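Bear in mind the structure is a predicted one, so any value in this text is a computation, not a measurement. All values below were derived from every heavy atom in this structure, side-chain atoms included, with hydrogens, water molecules and symmetry-related copies excluded.
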Amino acid sequence: MKKLERNFYKRSAIEVAKELLGKYLVHEYKGNKLIGKIVEVEAYMGIEDKAAHSYGGRRTVRTEVMYKEGGYTYVFQIYGMYYCVNIVTSEVDIPQAVLIRALEPIEGLEEMSRNRYKKSYEELTAYQKKNLTNGPGKLCLAMNIDKTLNGEDLCNDRLYILDNKEKFNIVYSKRINIDYAEEAKDYLWRFYIEGNRYFSKK
DNA sequence: GTACTGATATGCT
DNA sequence: GCATATCAGTACC
């Protein structure tokens with residue numbers, strides 16, 4: 001499989017979001033290689049999207065990286081305890097991003113299990129196995145993604161995405177937990193792979 | 001399986 | 001001060 005290149009990311013968040021489904025997110029560190037298949041995403045369309053951190057052109061230390069060209073990560077901390085990973089898309093000064101909401105664990109399950117529960121994979125209950133990476137905060141823990149990876153270039157070798165040609169149906173639905181976003185909360189900007197058991201929520 | 005609660009960084013008013 | 005792009009633990013079906 002081939003690593004996705006810069007041009008893949010330099011399009012609107014909605015286009016990139018749909019095409020990210022089924023692709024492999026890879027994190028290499030300290031001799032570990034963790035891989036998860038992207039099964040659920042949400043598009044955040046920047047300036048015009050009330051749900052986006054960059055709505056109305058808001059620009060702070062936290063949101064700065066979204067103003068870069070596509071192909072970088074935007075990692076932010078939420079509720080004081082958890083991280084969420086986004087993929088920055090589009091061009092410079094167009095602050096769009098795709099939130100990764102769920103992964104299917106592919107490689108490095110033992111390491112993911114230790115990152116999440118401090119236990120080996122064999123010791124996990126069925127419930128814990130299913131919950132390894134099926135939510136934005138959970139997958140960050142499992143993949144060992146934190147603030148130090150904010151602004152990381154996905155065209156490097158530390159964190160990147162592999163292409164994958166797989167056929168599946170894409171389900172369109174409303175985004176999660178953005179009730180404050182008025183009319184924007186009803187936009188169908190959340191996409192997931194139909195029938196995959198590792199997505200976060202109906 | 002659902003319902004409730006608490007943890008607490010960042011940016012806004 | 002207050003709200004948020006969340007999750008785990010507990011209690012109860």
Side-chain angles (χ1 to χ4, degrees), chain A residues 12-14 16-18 20-21 25 36 38-68 70 72-90 94-105 112-119 121 123-152 171-192 197-202:
Chain A
S12 84
I14 289 178
V16 175
K18 283 189 268 191
L20 277 175
L21 289 174
L25 178 66
I38 299 170
V39 299
E40 182 184 351
V41 294
E42 283 178 6
Y44 284 85
M45 294 297 282
I47 315 273
E48 69 215 49
D49 179 3
K50 283 186 179 157
H53 289 161
S54 51
Y55 171 62
R58 190 187 340 169
R59 191 159 187 159
T60 64
V61 177
R62 182 173 71 153
T63 62
E64 184 61 32
V65 63
M66 276 205 277
Y67 288 81
K68 288 195 179 206
Y72 290 86
T73 57
Y74 166 45
V75 180
F76 67 91
Q77 199 161 20
I78 189 68
Y79 301 113
M81 315 177 68
Y82 298 103
Y83 294 104
C84 293
V85 230
N86 297 248
I87 309 298
V88 176
T89 71
S90 198
I94 302 181
Q96 301 184 351
V98 177
L99 171 68
I100 312 287
R101 287 197 57 86
L103 298 174
E104 175 182 338
M112 288 185 198
S113 168
R114 294 203 176 279
N115 289 338
R116 287 267 290 133
Y117 299 108
K118 310 287 174 218
K119 291 200 294 189
Y121 190 73
E123 294 176 82
L124 300 185
T125 63
Y127 180 78
Q128 289 175 319
K129 285 179 188 172
K130 215 181 110 202
N131 279 271
L132 260 187
T133 54
N134 68 341
K138 303 176 196 179
L139 69 91
C140 281
L141 268 177
M143 295 288 285
N144 198 27
I145 291 170
D146 62 20
K147 274 182 98 149
T148 63
L149 283 166
N150 187 36
E152 182 74 10
V171 182
Y172 296 64
S173 74
K174 294 180 187 180
R175 290 176 290 179
I176 305 282
N177 289 342
I178 53 160
D179 291 344
Y180 60 89
E182 301 172 26
E183 78 279 356
K185 75 177 161 55
D186 292 326
Y187 297 168
L188 298 178
W189 288 352
R190 170 168 168 249
F191 313 104
Y192 57 89
R197 63 196 288 266
Y198 287 95
F199 84 115
S200 68
K201 229 182 177 184
K202 289 208 187 90

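- The separation of C:dA8 from B:dT10, taken at their C1' atoms, amounts to 22 Å, rounded to a whole angstrom.
- Checked by atom type and distance alone, the side chain of A:D146 pairs as donor or acceptor with a backbone atom of A:T148 at under 3.5 Å.
- Among the heavy atoms of the strands, none lies under 4.0 Å from A:R175.
- Every residue two or more places apart in sequence or in another chain that forms a salt bridge (charged side-chain N to carboxylate O under 4.0 Å, His left out) with A:R59 is listed here: A:E64, A:D93.
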Show each protein N/O and nucleotides 10-13 of chain C N/O combination with a separation under 3.5 Å, one pair to a line.
none

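- Partners of A:N115 under the side-chain hydrogen bond (donor to acceptor under 3.5 Å, both in side chains) rule, at least two apart in sequence or in another chain, are A:Y29.
- Within the structure, salt bridge (Lys or Arg N to Asp or Glu O under 4.0 Å) contacts touching residues 39-52 of chain A (residues at least two apart or in different chains) are A:E40-A:R101, A:E40-A:R190, A:E42-A:R101, A:D49-A:R175, A:K50-A:E182, A:K50-A:E183.
- Contacts of A:D186 classified as side-chain hydrogen bond (donor to acceptor under 3.5 Å, both in side chains), with partners at least two apart in sequence or in another chain: A:K174.
- Remark: side-chain polar atoms of A:T89 are not paired, donor with acceptor, to backbone N or O of A:V16 under 3.5 angstrom.
- For A:Y172, the ring pair (Phe, Tyr, Trp, His ring centres under 6.0 Å) partners are A:F191, not counting sequence neighbours.
- With a 6.0 Å cutoff to the six-membered ring centre and a 45° limit on the axis angle, A:K130 does not count as a cation-pi contact of A:Y198.
- At C:dT4, none of the side-chain N or O atoms of A:N177 fall inside 4.0 Å of OP1 or OP2 (strictly under the cut-off).
- For the side chain to side chain contact (heavy atoms under 4.5 Å, CB included) test, residues two or more places apart in sequence or in another chain that qualify with A:R58 are A:T60.
- The ring pair (Phe, Tyr, Trp, His ring centres under 6.0 Å) check on A:Y67 picks up nothing, with sequence neighbours excluded.
- Between A:E42 atom CD and C:dT6 atom P there is a gap of 8 Å when expressed in whole angstrom units.
- For A:K68, the side-chain hydrogen bond (donor to acceptor under 3.5 Å, both in side chains) test picks out no residue, with sequence neighbours left out.
- Contacts of A:Y44 with the nucleic acid, taken as non-hydrogen atoms under 4.0 Å apart, include base atoms.
- Distance alone, capped at 3.5 Å, places no donor-acceptor pair between the A:T133 side chain and the A:G36 backbone.
- Looking only at side-chain heavy atoms (C-beta outward), A:Y44 and A:Q96 stay at 4.5 Å or farther from each other.
- Contacts of residues 128-141 of chain A with DNA chain C (heavy atom under 4.0 Å): A:G135, A:P136, A:G137, A:K138.
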Which atoms of nucleotides 9-13 of chain B (N or O only) lie under 3.5 Å from a protein N or O atom, and what are those distances?
| unit_1 | atom_1 | unit_2 | atom_2 | d |
| --- | --- | --- | --- | --- |
| B:dA9 | O3' | A:Q77 | OE1 | 3.3 |
| B:dT10 | OP1 | A:K147 | NZ | 2.2 |
| B:dG11 | OP1 | A:T60 | OG1 | 3.2 |
| B:dG11 | OP1 | A:R62 | N | 2.9 |
| B:dC12 | OP1 | A:R58 | NE | 3.3 |

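- In DNA chain B, consecutive stretches of 3 or more Watson-Crick or G-U wobble pairs with both distances under 3.5 Å are given as paired ranges: B:1-7 with C:6-12, B:9-12 with C:1-4.
- Nucleic acid contact for A:I178: sugar-phosphate only, since backbone atoms but no base atoms lie under 4.0 Å from a heavy atom of the residue.
- The residue among A:R116 and A:V85 whose nearest nucleotide of DNA chain C is located toward the 5' end is A:V85.
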